[in-house]
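These notes are about the structure you will find just below.
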Amino acid sequence: LESKHPDQTADAFHDFIHYINRLPDQGCNKITTDSGTEFSAEFNDALKSDDVTHRAIDPNSGDHLQLSPLNSMCKYIRA
């Protein structure tokens, strides 16, 4: 992604969903994110068009720990 702008995040996720849904025995109908601005209205609109449920986690709650393994994996992939 060139930026974390909601439009770019939504487009990238839309492409990812369509890729995953083409794989045998795979699919995505739910996503959990932090409540960052990149996951705002445009992102939610894109998810609705793909029939994906979005759960935003409050970073000030204990729930944010659910995202730690994913954040670690993304840092590894980017390296």
Chi angles and distances behind the side chain to side chain contact (heavy atoms under 4.5 Å, CB included) call for Thr53, Asn29 | CA-CA 6 Å; Thr53 303; Asn29 60 2; 6.0 Å; no
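- In this structure, the separation between CZ on Arg55 and NZ on Lys30 is 10.5 Å, given to the nearest 0.5 Å.
- Every pair passing ring pair (Phe, Tyr, Trp, His ring centres under 6.0 Å) that includes a residue from residues 21-48 is listed here, sequence neighbours excluded: Phe13-Phe43, Phe39-Phe43, Phe43-His54.
- Applying the ring pair (Phe, Tyr, Trp, His ring centres under 6.0 Å) test to His14 and every residue at least two apart in sequence or in another chain returns His18.
- Here the CG-CD1 distance, from Asp50 to Ile31, works out to 11.0 Å after rounding to the nearest 0.5 Å.
- Residues satisfying the side chain to side chain donor-acceptor pair (under 3.5 Å) criterion with Ser40, sequence neighbours excluded, are Glu42.
- Asn44 has its side chain within reach of Leu47: a pair of non-hydrogen atoms, C-beta onward, lies under 4.5 Å apart.
- Within the 4.5 Å cutoff, the side chain of Val52 has heavy atoms near those of the Ile17 side chain.
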Please walk me through it: do Asn21 and Leu23 pass side chain to side chain contact (heavy atoms under 4.5 Å, CB included)?
-> CA-CA 5 Å; Asn21 287 338; Leu23 299 174; over 6 Å; no
